Protein chains: 2
Amino acid sequence: MSQQERQPTSCLIERMRHYIPLTSQDEQLLRELETDEVTYRPRTRLRFSDDPTHLFVVKSGWVYRFEELEEKRRRVIRIHYPGDIVGLTDVAMKAADGEMMTVTKTVLCPFPKSKLDDIFINSPRLTALLFSLGVLKQVVLHDRIKIMGRSSAPHKVAHFLLEMHARLRIHSPDGVLGRFEMPLTQDVIGDAIGLTNVSVSNAMTQLAFEGYCTCQHREVILHEIDKLKEMIGFRDRYFEIDTSWFPQ
Amino acid sequence: MSQQERQPTSCLIERMRHYIPLTSQDEQLLRELETDEVTYRPRTRLRFSDDPTHLFVVKSGWVYRFEELEEKRRRVIRIHYPGDIVGLTDVAMKAADGEMMTVTKTVLCPFPKSKLDDIFINSPRLTALLFSLGVLKQVVLHDRIKIMGRSSAPHKVAHFLLEMHARLRIHSPDGVLGRFEMPLTQDVIGDAIGLTNVSVSNAMTQLAFEGYCTCQHREVILHEIDKLKEMIGFRDRYFEIDTSWFPQ
DNA sequence: CGATATCTTGATTATGCTCAACGACAGTGG
DNA sequence: CCACTGTCGTTGAGCATAATCAAGATATCG
């Protein structure tokens, strides 16, 4: 009991445990990433490259990563929520560009690259998992490019919601998730999938009218998940990955 | 001399050498990937998942990877040419879906996963490079999503050509490349960036009219690379990567 | 409650899609 | 050498979708 209180739930550990069983050493290595905490208010803009030697774990709250194009044009690269490690992509690249914006009140846990090395050295199994999750991200990007290419606004929005659902349901006890909180504005959604806020609104209205899903008061309800998936040929990449080749 | 004839140029080795110096052992490890050869005729459809335990090195010719959506709709995921390793993404994933299509006469070198393990075990430096090139691919996908979102057809086509140019100039002696062969049809280009062949044609015409570039008889000439890059905010991710953290 | 942000709706415009026809070109076989 | 064929690129007309601009309705938060 007191044990549990000293080691409260970590979304990061929860996430990793979804894919593989963790040894207590693994768990400790992950816990090391969340020792520091910084709290940010909603709608705070963070220069990502302020300290390129540090990565972040999102402990609570929603954050997105974006890039300014011209005036009035932004591109939202990725949406992050609790359990995500931000910055893995840039470890290997020279220029870590892009900025972040908090959506809600947010707690980030910055940690130095070196703690990543600790994982690489001490846990081949966790290393393999991190590598796989990187590859997964790539596959998901392929899917996103697929849908962004030549499909209607409603399809794009549907895909966006389903991808979000796929990522979130990992944290649901039984992997079932009919409704979830989604604090993003339609502006942000639009910038993520290449539509204007107006088109997002219209698409939402239509999806709701056809009974697929509703999206009100920051809450998404997917009434017809399977039909929705079938309509756009959605495949959930997140729930299962191939761990058979992992060491140990 | 006779040495050179017994070990002819390999695009793969050339590519790797662009980023880091290779030991003779590294070189040997890479050469091991190209021991087998299979030749395919133009426009040959290859099921990628025929043998998921094997990867390919493209030795000569152009190939692209695609997925059928509905009838008449395809999505071209990635274009491969000599020196590319195909299938790295799928090593870690359960489902290796998608198919390949040869554009020109093509020589592929299939090799088993295990040879990849040889590299992982024997050359941390090559391993780090392969990892970094994977991350790079992700960054490039971000750029592609960025341009596919909300930009005009000419911008999309320009981006496509510039990305191609960025990948190809690695193999140019001085990194300068004004013109290059490009055997893809406008249909394929369209499926890669989410346009119809008609729109690609119109965009090409306009880009040519404005003096940026021309594209005739399978040859691309970039007259105003810098202006083109500036117009769409293009960044060349391929030429330089951060190797400072590599082992050894 | 008031102030701001967000969402919805409508009218108009622009961009790219669809369908279709035509021309250029390469490869083939007589 | 010349039709014959199929692929590929170009061009045009009409249409569909989403962008833009703008006004009004709702929600959210201090």
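Convention: sequence-line order gives letters A, B, ...; per-chain numbering from 1. Please read all numbers here as calculations on a predicted model, not as lab measurements.
- Between B/Gly194 and A/Arg218, the residue whose closest nucleotide on DNA chain C is further toward the 5' end is A/Arg218.
- Each of A/Val200 and A/His217 has a nearest nucleotide on DNA chain D; the 5'-most of these lies closest to A/Val200.
- A straight line from CD of B/Gln206 to C1' of C/dG16 spans 12 Å, rounded to a whole angstrom.
- As rounded to whole Å, 19 Å separates atom P of C/dT6 from atom CD of A/Glu219.
- In terms of position on DNA chain C, the residue among B/Lys156 and A/Asn202 whose nearest nucleotide sits closer to the 5' end is A/Asn202.
- In this entry the distance linking CE of B/Met204 with P of D/dG9 reads 8 Å, nearest Å.
- With a 6.0 Å cutoff to the six-membered ring centre and a 45° limit on the axis angle, A/Arg75 does not count as a cation-pi contact of A/Phe66.
- Side chain of A/Thr185, nearest nucleotide from C/dT18, C/dT6, D/dT11: C/dT6.
- When distances run from any side-chain atom of A/Val198 to the nucleotides C/dT6, C/dT9, C/dT18, the shortest one goes to C/dT9.
- Rounded to whole Å, the distance from CZ on B/Arg150 to C1' on C/dT15 is 14 Å.
- Nearest nucleotide to the side chain of A/Arg43, out of D/dT7, D/dT11, C/dA5: C/dA5.
- To the nearest angstrom, P of D/dG9 lies 22 Å from CZ of B/Phe209.
- Salt-bridge annotation for B/Glu99 and B/Arg65: absent, with no side-chain N of the basic residue lying under 4.0 Å from a carboxylate O of the acidic one.
- When the side-chain nitrogen and oxygen atoms of A/Ser201 are compared with OP1 and OP2 of C/dT8, one or more of them lie within a distance under 4.0 Å.
- The phosphate of C/dC7 (OP1 or OP2) has no side-chain N or O of A/Gln216 nearer than 4.0 angstrom.
- Remark: A/Arg41 is not in phosphate contact with D/dG30, judged by side-chain N or O atoms under 4.0 Å from OP1 or OP2.
- Proximity of B/Gln186 to the phosphate of D/dT7: no side-chain N or O atom is located under 4.0 Å from OP1 or OP2.
- The only option from B/Arg15, B/Glu34, B/Lys59 that meets the side-chain hydrogen bond (donor to acceptor under 3.5 Å, both in side chains) definition with B/Ser10 turns out to be B/Glu34.
- Summarising the geometry, the separation between CE on B/Met148 and C1' on C/dG16 is reported as 14 Å, rounded to the nearest angstrom.
- Rounded to whole angstrom, the span from the CG atom of A/Asn197 across to the P atom of C/dT8 amounts to 10 Å.
- Salt bridge annotation for B/Asp84-B/Arg78: absent, with no cationic side-chain nitrogen under 4.0 angstrom from a carboxylate oxygen.
- Between A/His159 and A/Phe234, the angle of the ring planes goes over 60°, which puts this pair in the perpendicular group of the 30/60° scheme.
- Atom CE of B/Met182 is separated from atom P of D/dG9 by 9 Å (rounded to the nearest Å).
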